[in-house]
Amino acid sequence: MPKLVIDSQEIVVPSGTKVIDAAERLGIMIPRFCYHPALGSLGACRVCAVKFEEGPVRGLEMSCMVEAKDGMVVSTTDREAVDFRKYIIEWLMINHPLDCPVCDEGGHCLLQDETVSGGHGIRRYRGRKRTYEDQDLGPFVQHEMNRCIHCWRCRRFYQEFSGYRDLGAMQIGNRTYFGRSCSGALESPFSGNLIDVCPTGVFTDKPARYKGRRWDFERAPTLCLHCSLGCNITGSARYREVVRVEARHHPNVNGYFVCDRGRFGFAYANHPERPRRARIKGKEVSWDRAIAYTAGQWSALQNRAGNSAIACLGSPRNSLETQAALARFCELLGLSDPGFLLDRDLERRVKTAVSKLDERVAISMREIEESDFILTVGVDPIHEAPMLALAMRQAYRKGGSVAILDPRPVSLPFEFHHFPVAIAEMDLCLNAIIKASLPASVLENLTQEAQGFYRDVVDRNAGPTAFQEREILLGRKLMESRRPVIVCGTDMVDQAMPSLAGNHALLLRSAAKKTGLFYVLPGPNAFGAALVSSCREYEPVLDRIEKGEIHALVIVEADPFGAAMEQDRWSRALETLELIVTLDYLPSPSVTEAHVVFPTRTVFEASGSSFINQEGRIQFSSPLHCGGSPVSQVSKGSHPPRIHLDQVPGGEARSPAEILSELSSVISGKEQKMEVRDLWAWLAGAAPAFKKLSGSISRNEGFRLLPDRQREADFSDALAQRIDHGDKEQIELLLVERTFGTEELSSYSQFAREAEEPPWLTMNPRDADRLGFAQGGRVSIRVKGILVDVRLQVIDAVAPGVMVLPRHRGIPWQKFETPRVRVSVDRIKRLP
Amino acid sequence: MINDWIAAKGLHRGNQRMMPEGLRRELEAQIKEADHPRECVVDVMYALQKHYGYLSDDAVLEVASLLGMTPLEVDELATFYDFIYREPVGKYVIHACDGVVCWMLGEESVLEYLCRKLGVAVGETTADGLFTVLPTVCIGCCDHAPAVLVNGRFYGSLNPERIDAMMEELRRVPSPLVVDR
Amino acid sequence: MSMSVKVLLKNARPDRPATFEEYCRSGGYQALREAVKTMAPRDVIRQVNDSGLRGRGGAGFPAALKWGGIPEGAPFPRYVVANTDEMEPGTFKDRVLVGTDPHMVIEGTILAAFAVSAQKGVFFIRPSYEMDARLLERELQVARAAGYLGKNILGSDFSFDLVVHRSGGRYICGEATAQVNAIMGNRPHPIKGGPRMAEQGLWSRPTLVNNVETLACVPHILTQGADWFKSLAKTETGAGTKLYGVSGKVKHPGCFELPMGTRLSEIIEEAAGGMMRGSEFKALLPGGASTAFMPKQYYDLEMDFEPLKKCGHRLGTGSIVVFDHQTCLVAAALNLTEFFVRESCGLCTPCREGLPQIRDLLWRIENGQGREEFIPMLREMTGHMGHAYCAFAPGAAEPVEGLLRYFEEEVREHISQRKCPFREHGTDHAQARH
């Protein structure tokens, strides 16, 4: 641990720390442009120059390029260093258009800050400036090259860090141009990070353009809710409109970046058709009226049919407070427990996944980056959880191997081993790889339980697949690895897979490898849902409605009538349900069809909410603004209406916890307030994992709610029996996620929608040939009265016997029963 | 951007989307020989430039497809180098040296004389498509300064008479030349 | 006048390059034959070390030290790059060398490969020298046919092949790390702060980059001995002969092979025939555009690394550019700066943005818009060039530094007279384009 002196202050830092970071720990921000902690040191901008007065390095050197060493004495205020840095700033400003007044970066511009700190003021250069033409880079990133100071961060992030190849540096010298070969939307789903890394206003947030100055915004630390990874973000709001999202640094979850879905998916919060007032049968009414009506209908129903006639539904996008409140609500009113996942099989898989995680094997995305072998089953990272793909790429860059067992045409911005294997055979493939990684000498030294698992499950079901040679090669690679990780999805996997993946992680761990286990879950708080409902199994609501058991539904931030499968059954259920009460902020079909609607607040308006990400980390979000309709929607471009209200326009929305609290009080006649504190206490009683909530733990980085060790013995849930696969004359249709267009919240965001691709069907060339289909041709699929008419893409990387469609609104995906459908080949026809 | 410029200048030399099979096979063979395909990129650019007259946008796409690179990656290189022409050039590209030795010798700047004589600005091509005048420092002919480099051949110790004679010769010779020693 | 020993240009002909046969008759490939049969690679390095051979590409780094930098047990394949990319204004000696005796350069490269156990080599050559690229390709075929290249050369277990790699044309490609990038098909930026070339160069393998003149010395060192080579020089610290390219206002510009350390006066007056008629000596650049103007007081200086270093200058490539009393040095400095501005790769700030500002100040001085305060500004800016990313920027600064150090008066005259005093009767086309 070297000890050095910077500006007369002593500090001890970990070995390998650069002097620029050592200084930052002392609160000394040495100016920098090309240096970025995630991108590493380049030494190009020269603005971090400091004087090394004593020690192994002497003279003027770049603090980002020099590692801190014992005995160094560094001065940032040395005259030569200050003079040099001043010239560097002067030189960087030579061609600058000085258009701060019209530049969005103003107020949070690193160039502004360093220019002032460098002591540069008036331009002395009187020659001609070089100027550029800008490009249209798509809906997300604005391009204004004249402001460029050639720090090279954009190219390094885009090409080196994220691995995409359509943006780079052209030309030479001071006319070097950062852009694409020609105008066009950036291909990388991480392109928005250019906005954050660019230290000037070259790349700015296009949707947020001209919305305001940094100091105009109400900003707060919050969380991305568009997948289960829980990336940290900072939201900005102005005039009650959420204006933009920036990445917020978390060293273990998302690092310095977020994906474009998370960055531009927020505009559902500003949707012009958001429910803002209570409604009864589609008509806006006063809040009290709606409460009274609901209570009235409720009591009548209760008297007639009893408590069991009313069911409650939540979803994985509920905050933990909402989920706890809903569960408490049901308990207080004597209802059956709420369901959070409508698909029972999915719920089981999620609960299994959650049960397999404990502190021994749980890892964060940071550990994904550090892994030397990532074995992934049933995940298409770019489409399900994009930041996972970015983390995997960092592992690849450090020499790690990534293997993905998935029938979909997985594509990643780096080289990886793809095993296009059908879902029903993923276990065979996985077992074969792991078997090939465990030589006899290692097997002998495993624990009894591990050996049993190996013998009864792994060895027995290790293939055969079409990839035997590759499995063995990969297994050997796994054998040499020290920090392997198993990543397992919950969407496109068999019921037994989450358990199998978890057991494999334990097996590898038992073989003395520091193994990690990482699940991808269906939503930002699916983990919370699993914990809150851990005690019992979900009984499908639809079945009970059809049996006539349920006559009323309370739907809290869920959309069974729009975003669930088996839509025909739900449509019929609509007719039989007497009371549907929906609490939501989305203008969803479940809001439209509800008898009573109570508007709720989004995460940006709630008074603080928490979500548990896929690794079991509870993280906390703070609100940006007080809630209510954006001023622009109220005033419609003109002056806000000159009426006086005692409430923010459109500001009736409350948190579900408040609404449920009020409802239960009115219905039961007893005051039932549900404060957050009470909810935590109640949760701790409901599930042991929540005991940590009551302690005083730092909220900044969140913390894991995981047991040190799972309660059941390891491998106790291992299943020896496999699931049978279907016949060859059928093709398995998979209805899958895509980066844009399938995730619920972002599909309501006008900005994210611009990045959507039209849906198409993908199929393996062999299957396409067999059926006589051509690339780009139109295809129809007819299953049980559902008709899909779509264009075909023939891609090698699709598993044979599989075809893939996105769960996009252009496809009637909701009509299918499950996301995996076996279709006879005679039901798939070519259209002219 | 570039395409608009070309269209505006009317310099596009017809539809040359597909390179001839023979050239493609030759280049593919050369790339296959290399341990690392990307090391051939400058040679492939030169070959396509020679075929098309300059490295057009279409040529960039073809380079990219031959080497498994993206057009941007090809452009990162093509726009960096002095002798890769991303805009149309004449049959003869006269690289007139304006380095310090060529500058101090001779009565008038060769570059200025050429531009005046040919009636073009620096970087422009004559209307007959024969000559483009570009400055380069330094072409490596300082012992025969002032000098120019035309399609790989030096013309040194220039004065206005010699320059005129050179142009005459170039107009007469049927094809661009590099003279082997 | 001393009898100049011809070593590198011994086979020079007025009309064409020396042939393979002519090279062999003069003793060519004898060194290679002996080396593969009787010597170990480290013996070759030792001989080259004893000879005192220093790099002739501008940096003057001891060749053997560079070769010895490849660690024992370093991985394979290893590469040798023969840098034929000279592009600095005033430099043309490598063109003359390659065009005179291609096989000498080829043999030198093969010997270097032998010394470091390299498997593949490349002549990295600039587009201006396309004629020499073809010449080398032809002669490499001849060398291959004669068994001096390819697998198991002359029956030994040393296999090495050499090809020509054409550059797209940029001065920065002459920098070793940039050249390696260029060869790999990357944007040719230099890379500093990473592992040394000797450990990780081309495709992360040990790579040697040497100037062709340096390599051409090697066969002679081996055939005639290190001591002999060292004794050729006129100075104590020097070794071998040097190709001095002389250009500018001299009667007979050309490339002259003379003992290392020959005095400038001798080079200019005897080899190059003295100043042109009507020209009086004013200043020279000793080693191409990236060196500083040297005034009359250095006229007798020994042209070798150490003597120049002692008086605060650099030998560089030994390419001498001679200026006369009628040539405006401000305009010359402006022209030189324009070159560097044009060729700056653009990676680091001082070079990319600072050089254009220096150029602008010089332009103003030259065109009657100069101001007193420009002089300290230029001094500060050129001083700061030393802290740029690579050696390009400090090289670019040298002519301007030289101008200010020795010819400040001339600069002041421009400023006070509000014009270039040389414009009427001096070099007229002194304007740089902006």
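Proteins get letters first, then strands, A, B, ... in listed order; numbering begins at 1 in each.
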Assess C:Arg95 against B:Phe154: is NZ or CZ under 6.0 Å from the centre of the six-membered ring, and within 45 degrees of the ring's axis? yes
Pairs meeting criterion ring-ring contact (aromatic ring centres under 6.0 Å, His included) with involvement of residues 133-152 of chain B, two or more places apart: none
Closest non-hydrogen atom pair between B:Phe83 and C:Ser128, with its separation: CZ-OG, 4.1 Å
Do any of residues 22-38 of chain B have a heavy atom less than 4.5 Å from a heavy atom of chain C, and if so, which, in residue order? B:Asp35, B:His36, B:Arg38
Answer yes or no: is there a donor N or O on one side and an acceptor on the other, between the side chain of C:Arg187 and the main chain of B:Glu76, under 3.5 Å? yes
Considering residues at least two apart in sequence or located in another chain, which fulfil the salt bridge (charged side-chain N to carboxylate O under 4.0 Å, His left out) criterion with B:Asp128? none
Sort B:Val100 into side chain, backbone, both or neither according to what part of it lies under 4.5 angstrom from a heavy atom of chain C. both
With sequence neighbours left out, which residue pairs that include part of residues 277-287 of chain C fulfil the salt bridge (Lys or Arg N to Asp or Glu O under 4.0 Å) condition? C:Lys282-C:Glu410
Flag, side chain of B:Asp143 to backbone of C:Gly245, donor-acceptor distance under 3.5 Å: no
When every non-hydrogen atom of B:Val137 is compared with those of C:Met87, the smallest separation belongs to O-CE, 3.3 Å
Please look at B:Ile139 and chain C and tell me whether the side chain, the backbone, both or neither of the residue comes under 4.5 angstrom of a heavy atom of that chain. both
Atom of B:Trp103, atom of C:Ala331 and distance for their closest heavy-atom approach: CZ2-CB, 3.4 Å
Kindly give the heavy-atom pair with the smallest separation between B:Cys142 and C:Phe92, and that separation in Å. CB-CD2, 3.5 Å
Looking only at heavy atoms, the pair that brings C:Val321 and B:Met104 closest together is CG1-CE, 3.5 Å
Side chain, backbone, both or neither: which part of B:Val41 has a heavy atom under 4.5 Å from chain C? side chain
